[in-house]
Amino acid sequence: QVQLVESGGGSVQSGGSQRLSCTTSGYTYKNYCMGWFRQSPGKEREVVALLDDRGITSYADSVKGRFTISRDNAKNALYLQMDSLKPEDTAMYYCATDVLCQGRKPIVRNLTSTYWGPGTQVAVSS
């Protein structure tokens, strides 16, 4: 049984940093993307960052240059380093594995096989 658990969320002031972690269990890394998504109240879930099996990353325009996705295979962990946080980054952040992606710079193709964590709340105050 695949389980994902996020941690590292909380409250931070604008301009600050946070590092989200996602630990996985019962999971075998495959030729899929792993990624971070977020959802704000009243908005649809959106992709924040993707990491494919080649180690290639892609980011939403709104976080490019501020967020960094990385993975530690030995620890079965996925990370999201978030710097220069803005109030508009406030959202529930979700870790995801088995994201079917495509392209030289990965983009989401579909999420039908995706596993999700329960999410961790990030709140950025101005």
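The shown structure was predicted, so the numbers you read here are calculated from the model rather than taken from an experiment.
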*For the pair S126 (side chain) and P87 (backbone), establish whether a donor and an acceptor sit closer than 3.5 Å, ignoring hydrogens and angles.*
no

_Do L50 and T57 have side chains that approach each other closer than 4.5 Å (heavy atoms only, starting at C-beta)?_
no

*By side chain to side chain contact (heavy atoms under 4.5 Å, CB included), which residues pair with Q81, not counting sequence neighbours?*
S17, R19, T68, D83

*Starting at CG of N76, measure out to OG1 of T24 and round the result to the nearest 0.5 Å.*
4.0 Å

*Where A74 and D72 come nearest, the two heavy atoms and their spacing*: N-OD1, 3.0 Å

*If a pair satisfies side chain to side chain donor-acceptor pair (under 3.5 Å) and one of its residues is in residues 1-10, list it, with sequence neighbours excluded.*
none

*Non-neighbouring partners of R104 that pass salt bridge (charged side-chain N to carboxylate O under 4.0 Å, His left out), sequence neighbours left out*: none

_Non-hydrogen atoms of R109 and Q102 that approach each other most closely_ = CD-OE1, 3.3 Å

*asked:* Given 3.5 Å as the limit, does a donor-acceptor pair link the side chain of S58 with the main chain of P106, or not?
replied: yes

*Hydrophobic cluster mates of V5, side-chain heavy atoms under 4.5 angstrom, ILVMFWY only, any path?*
none

*Same cluster or not: are L51 and V63 linked, directly or through other Ile, Leu, Val, Met, Phe, Trp or Tyr residues, by side-chain heavy atoms under 4.5 angstrom apart?*
yes

*Identify whether M34 and F37 are in the same connected component of the hydrophobic contact network (ILVMFWY, side-chain heavy atoms under 4.5 Å).*
no

*Connected hydrophobic set around Y32, excluding itself, where side chains approach under 4.5 Å*: L100

*Non-neighbouring partners of D89 that pass salt bridge (charged side-chain N to carboxylate O under 4.0 Å, His left out), sequence neighbours left out*: R38, R66

*Can you tell me which residue pairs pass the ring pair (Phe, Tyr, Trp, His ring centres under 6.0 Å) test with a partner in residues 2-25, sequence neighbours excluded?*
none

_Using the side chain to side chain contact (heavy atoms under 4.5 Å, CB included) criterion, which residues pair with V122? Sequence neighbours excluded._
Q18, L20, M82, Y93, V124

*Please name the pair of heavy atoms, one in S40 and one in T90, separated by the smallest distance, quoted to 0.1 Å.*
OG-O, 3.1 Å

Show every donor-acceptor pair shorter than 3.5 Å between a side-chain atom in residues 112-120 and any protein atom, with sequence neighbours excluded, or say none if there are none.
from: T112; atom 1: OG1; to: N110; atom 2: OD1; distance (Å): 2.9
from: T114; atom 1: OG1; to: D98; atom 2: O; distance (Å): 3.1
from: T114; atom 1: OG1; to: L111; atom 2: O; distance (Å): 3.4
from: T120; atom 1: OG1; to: G9; atom 2: N; distance (Å): 3.3

*Could you state whether W36 and V12 fall into the same hydrophobic cluster, counting links through intermediate Ile, Leu, Val, Met, Phe, Trp or Tyr residues with side-chain heavy atoms under 4.5 angstrom apart?*
yes

*With side chains defined as the heavy atoms from C-beta onward, is the minimum distance between L78 and I69 less than 4.5 Å?*
yes

*Listed by chain and number, what are the salt bridge (charged side-chain N to carboxylate O under 4.0 Å, His left out) partners of K43, not counting sequence neighbours?*
none

*According to the ring pair (Phe, Tyr, Trp, His ring centres under 6.0 Å) rule, which pairs have a member within residues 56-82, sequence neighbours left out?*
none

*Please list all pairs passing the disulfide (SG to SG under 2.5 Å) test where one or both residues lie in residues 70-126, with sequence neighbours left out.*
C22-C95, C33-C101

